[in-house]
Amino acid sequence: MTLDFILSHMNYWLFIVLMMTGFYIVVSRGNYVKKIVGLNIFQVSVFMFYISVGKVTGGTAPIYPIDLKVDPDVLYSNPLPHVLILTAIVVGVATTALGLALIVRIREEYGTIEEEDILEIEREMQREENAEHGSAMGGRA
Amino acid sequence: MAAPSAQTALTLVDQLPILTVLVPLLSAPVCIILGNRSMAWLLAFAASVASFLSATHLLLQVIDGDVITYAVGGWAPPLGIEYRIDAANAFVLFLISGISTIVLPYAKKSVEHEVRQVSHTLFYCCYLLCFAGLLGVVATADAFNVFVFLEISSLSTYVLIAMGAERDKRALTAAYDYLIMGTIGATFFVIGIGFLYMATGTLNLADLAVRISDMADNRTIQAGLAFIVVGMGLKAAIYPMHLWLPSAYTYAPSVVTTFLAATATKAAVYVILRFLFSVYQPGFIFETHTLEFVIIPLALVAMFAASIIAVFQQDLKKLLAYSSVAQIGYMMLGIGFANASGLTAAIIHLFNHGITKGALFMVVGAYVMRAGGSFCDRLNGIGRQMPVTSAAFVIGGLSLIGVPGTAGFVSKWVLMQAAFEKGWWWMAILIVASSLLAVIYVWKIVELLYLQKPEQEAEAKEAPASMLVPMWLLAICCIWFGFNTEITIGSAQVAAESLLGGSR
Amino acid sequence: MRHHLILRVITKLLVPPIVLFALYVQFHGDYSPGGGFQAGVILAAGLILFGIVYGLRKVKQVLPPWLVHKLVAIGVLIYGGTGVISLLLGKAFLDYSVLASYPKDGQHYGIIAVEIGVGVTVAAVMVAIYYAFAGRTPRISDEDW
Amino acid sequence: MDVLINLILFIMMVTTAFAILRMRRLFAVVMLFGVFSLLSALLFVTLDAVDVAFTEAAVGAGISTVLLLGTMALTSREEKMPRKFSPIPLLVVVVTGAVLVYGTLDMPNFGSADSPAQTHVAAEYLKRTPKDTGVPNVVTAILASYRGYDTFGEVVVVFTAAIGVLMLIGGFARRRDPQEEAD
């Protein structure tokens with residue numbers, strides 16, 4: 001691995017570090033709101049990764065002059081990743097809104113938004129159900 | 001068939017690929033404008049029928065191996081987004097729209113019973129979105145468009161599952177867990193597409209296939225495949241990534257469970273098939289290894305572990321949910337064989353399992369409505385109180401096991417043939433062995449239904465006709481496709497060929 | 001927030017420029033950064049600011065919930081409808097080139113039309129979501145922050 | 001110069017992300033997330049993606065943060081003490097990260113103008129946009145026309161989210177609070 005290779009790929013690795021931080025928050029934290037925050041960090045890092053794919057050194061934003069007289073010497077960055085990520089950002093905020101609405105309902109029904117507590121409540125419900133219905137089959141759920 | 005040229009006006013038939021998806025998609029906002037629940041149901045049903053007719057027409061057009069392309073926005077691919085209908089996705093479109101058309105008449109009574117009246121309009125709107133999203137995922141030939149439509153169907157699925165909270169609050173956490181896992185899956189999928197885009201510069205699947213074919217040792221492409229398969233695997237509930245499925249299916253309203261079990265995972269499996277075999281060609285050396293050493297063992301574990309867990313379930317819905325995880329194992333096994341007959345088996349099973357599970361979950365929905373739940377002890381002796389419904393369960397159960405004369409038998413038979421073709425006779429034994437597990441859990445329920453005495457005196461009435469007819473339609477399909485194998489095997493073979501022939 | 005006089009006055013001054021800026025972003029999106037989505041978000045932000053300071057009831061008088069719900073759907077139909085027009089004129093869905101006598105102009109008109117659809121839906125969705133969240137009774141009172 | 005700015009932004013973002021991981025006060029977490037979004041918007045500007053930067057600033061630092069705060073007000077302000085450390089999440093993350101890094105090894109250099117991503121379809125868009133659509137902002141042209149169907153899908157996604165939120169907490173669902181019932 002030459003220094004040149006490292007420098008020209010470092011950007012990607014940096015974004016991967018960010019992505020994995022976000023991903024780790026999602027899978028390791030038990031607070032439902034924090035999970036959503038982690039998911040957002042994960043996604044935003046993926047978006048940054050995408051955008052860095054489209055960057056051209058010395059390029060500029062892909063917007064032509066208003067009279068559409070394109071100067072052939074000007075380098076423009078790749079517009080396609082921008083379009084994809086615009087769509088992905090919107091999808092991301094839609095998911096966030098829905099996830100948060102679910103959290104509000106969960107809080108109203110369970111009285112908590114901590115995974116551990118909720119699992120405990122659900123285990124309790126399961127035990128009650130088994131006690132009520134279970135004798136017939138003798139199995140466990 | 002060539003892409004429609006820019007000059008001539010497109011006829012209705014030329015527009016069918018987009019109309020299949022567009023009619024339900026645009027009906028959803030119209031539902032909101034109308035704001036009336038019976039109109040919403042009517043519109044959903046009409047859209048579903050239109051979509052089904054259109055999908056049937058498409059299937060008949062491509063059954064001989066033709067390909068229909070449709071450039072959305074008039075921009076020729078790879079510049080624009082393209083719909084590309086071949087036998088493989090026409091077959092899946094046919095399944096999804098067909099199931100939806102059968103589910104909706106059933107839905108009316110069941111939704112009235114399980115969902116509060118004020119949200120009925122929104123419910124059908126959401127259902128339409130989910131339906132249209134799945135169709136869009138299957139019809140498109142653009143990698144990023146798959147993601148967008150996948151999210152339409154996923155977001156609406158989360159909501160539909162959460163609607164089960166009327167009956168059991170665990171529907172909310174089931175929906176939340178699915179939301180987290182589904183979003184991780186979708187993000188993985190986006191990463192995978194990003195890698196492919198980086199290496200090739202295109203998002204069109206056919207164009208990707210051409211450009212990938214001589215890049216087999218490119219590590220970006222390899223990692224891209226891993227992320228696409230894992231991302232979609234989360235949606236398809238492939239074995240270690242199935243954790244969201246049992247509780248989602250258990251606590252969702254019965255109609256939602258029926259529809260999802262019969263279609264949603266199938267669409268995800270289709271996307272995996274498409275990427276594995278059309279975009280990446282099976283000639284990929286590293287890929288065949290992946291298939292043999294990763295997918296086949298996981299498929300086997302799914303077939304056994306999930307079936308064994310299913311045996312111990314006391315909630316009929318949960319039992320069937322675990323059985324779904326096991327059945328997806330069969331499909332993955334077919335994919336793992338990585339040859340034409342394995343692929344054919346996977347596609348047939350995709351279809352047959354769709355109708356079988358559809359029928360079974362419809363029966364469960366009827367039990368929930370009449371017996372007040374799907375727990376085993378509620379079902380004691382219900383076979384005598386609800387004979388018509390329970391007979392449908394028996395047929396579905398037989399098909400799930402794979403008894404000769406049912407649809408389930410056909411798909412397992414083809415799968416075993418594929419195993420023999422590879423010379424893996426032990427695999428055939430394993431397939432039979434796992435079917436025996438299915439015998440155990442199906443028998444367990446049948447015994448409850450017919451041989452146990454009802455606990456209470458409370459008489460459960462037979463389900464209403466609007467539920468019985470769709471249920472029996474699917475049950476008859478289970479038998480019909482067990483004897484009449486030309487349609488399924490025929491189209492699955494063409495589908496497998498067009499997947500493998502893919503881009504050529 | 002009855003007692004926050006400064007906030008109330010500032011908000012009154014801020015909301016019109018916000019709405020104006022949203023319109024600028026909406027209709028200037030083909031020449032500079034921005035477009036329907038950003039415009040919708042900005043417009044919604046203006047309304048939400050008004051709602052936070054003057055209360056949910058006031059903003060619901062300006063924009064009743066039923067109207068917001070219909071607007072959510074209308075935006076989608078504007079976008080889809082533009083596509084359906086080209087479909088009815090014998091072109092592919094969303095092929096705007098038939099919308100005017102020159103394909104290039106048709107494209108431009110089409111882009112403006114769909115951007116309006118995006119703007120309407122996004123603004124209405126954000127406001128609808130705000131109404132939904134604000135309509136619930138909070139667990140944490142104002143003073144506890 | 002660009003590299004230096006990117007590096008500084010990146011260090012700030014990693015710090016924010018780690019702080020979010022460690023903090024238990026949700027208010028701080030949400031605010032830091034807003035900061036994270038703004039920083040990423042800055043990064044988008046340095047990467048020439050002004051449209052994306054605009055959107056990310058409006059969505060990440062604006063809408064998402066407001067929604068998170070609203071949810072907080074309806075739920076709780078504090079995360080419970082983190083449960084016992086479990087190695088499985090860490091393992092999953094490390095494996096995922098390793099596959100990602102493996103994938104980057106064959107990637108074209110950052111900023112290179114002749115990579116496939118820049119030359120195939122993207123170059124075509126840049127070339128054709130003025131004569132096809134007459135819209136100076138190429139991003140808008142692709143967004144609304146060439147890939148207009150994706151954007152239509154995006155609008156439908158937002159629509160779906162609104163329908164979903166209305167179904168869940170739009171005032172149609174019953175309101176019940178276990179704690180208040182207990183009181």
Side-chain angles (χ1 to χ4, degrees), chain C residues 25 28-38 40-42 44-45 48 52 65 68-69 72-73 75-76 79-80 82-83 93-97 103-105 107-108 110-115 117-118 121-122 124-126 128-142 144-145, chain D residues 27 45 49-55 57-59 62-63 66-67 69-77 129-137 139-141 143-149 151-152 154-173 175 177 179-180:
Chain C
V25 170
H28 211 256
D30 16 353
Y31 303 106
S32 58
F37 184 79
Q38 292 91 335
V41 172
I42 294 170
I48 292 173
I52 290 175
V68 177
H69 299 171
V72 169
V76 179
Y79 202 134
T82 314
F93 183 64
L94 291 176
D95 187 343
Y96 313 131
S97 50
K104 194 167 145 182
D105 290 348
Q107 287 290 339
H108 206 147
I111 290 174
I112 291 172
V114 299
E115 289 277 12
V118 176
T121 297
V122 170
V125 166
M126 295 304 160
I129 292 176
Y130 161 71
Y131 282 178
F133 274 88
R136 300 258 144 179
T137 19
R139 309 251 354 122
I140 306 173
S141 74
D142 256 7
D144 283 354
W145 288 83
Chain D
F27 184 71
V45 175
V50 276
D51 276 276
V52 180
F54 195 168
T55 313
V59 166
I63 296 292
V66 168
L67 287 179
L69 285 178
T71 311
M72 240 185 74
L74 294 171
T75 55
S76 74
R77 281 191 301 173
T129 296
K131 71 172 188 317
D132 276 351
T133 65
V135 170
N137 187 348
V139 174
T140 303
L143 188 81
S145 185
Y146 294 107
R147 296 188 67 87
Y149 195 53
T151 311
F152 180 53
E154 166 200 318
V155 174
V156 177
V157 169
V158 180
F159 171 74
T160 312
I163 301 297
V165 172
L166 286 180
M167 274 170 96
L168 288 168
I169 57 171
F172 303 126
R175 298 178 194 188
D177 196 310
Q179 284 196 347
E180 273 162 24

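By convention in this document, chain letters (A, B, ...) are assigned in the order of the sequence lines, proteins followed by strands, and residues within each chain are numbered from 1.
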Q. C/A45, C/G80, C/G35: which one forms the most heavy-atom pairs within less than 4.5 Å of chain D?
A. C/G80
[atom2] on [Y] to [atom1] on [X], rounded to 0.5 Å:
X	Y	atom1	atom2	result
D/F152	D/F159	CZ	CZ	10.0 Å
D/L166	C/Y131	CG	OH	12.0 Å
D/Y149	D/E154	OH	CD	14.0 Å

Under a 4.5 Å heavy-atom cut-off, does chain D meet the side chain of [X], its backbone, both or neither?
X	value
C/A44	neither
C/S32	backbone
C/F93	side chain
C/V114	side chain
C/L94	side chain
C/F133	both

For chain C, which of [options] has the most heavy-atom pairs under 4.5 Å?
options	answer
D/T151, D/V50, D/V52	D/T151
D/L67, D/L143, D/T55	D/T55
D/P136, D/A141, D/A162, D/A53	D/P136

Q. Less than 4.5 Å apart, any side-chain heavy atom of D/D132 and any of D/Y146?
A. yes
Q: State, yes or no, whether a side-chain contact exists between C/Y31 and D/N137 at a heavy-atom distance under 4.5 Å.
A: no
Q | Main-chain N/O of D/G148 paired to C/Y79 side chain as donor or acceptor, under 3.5 Å | A | yes
Q: State whether the side chain of C/E115 and the backbone N or O of C/G36 hold a donor-acceptor pair below 3.5 Å, judged by distance alone.
A: yes
Q. Which answer fits D/V135, side chain, backbone, both or neither, if we ask what part of it has an atom under 4.5 Å from a heavy atom of chain C?
A. both
Q) For C/Q38 and D/V59, what are the C-alpha separation, side-chain angles and deciding distance, and is it a side-chain contact (heavy atoms from CB on, under 4.5 Å)? A) CA-CA 9 Å; C/Q38 292 91 335; D/V59 166; over 6 Å; no
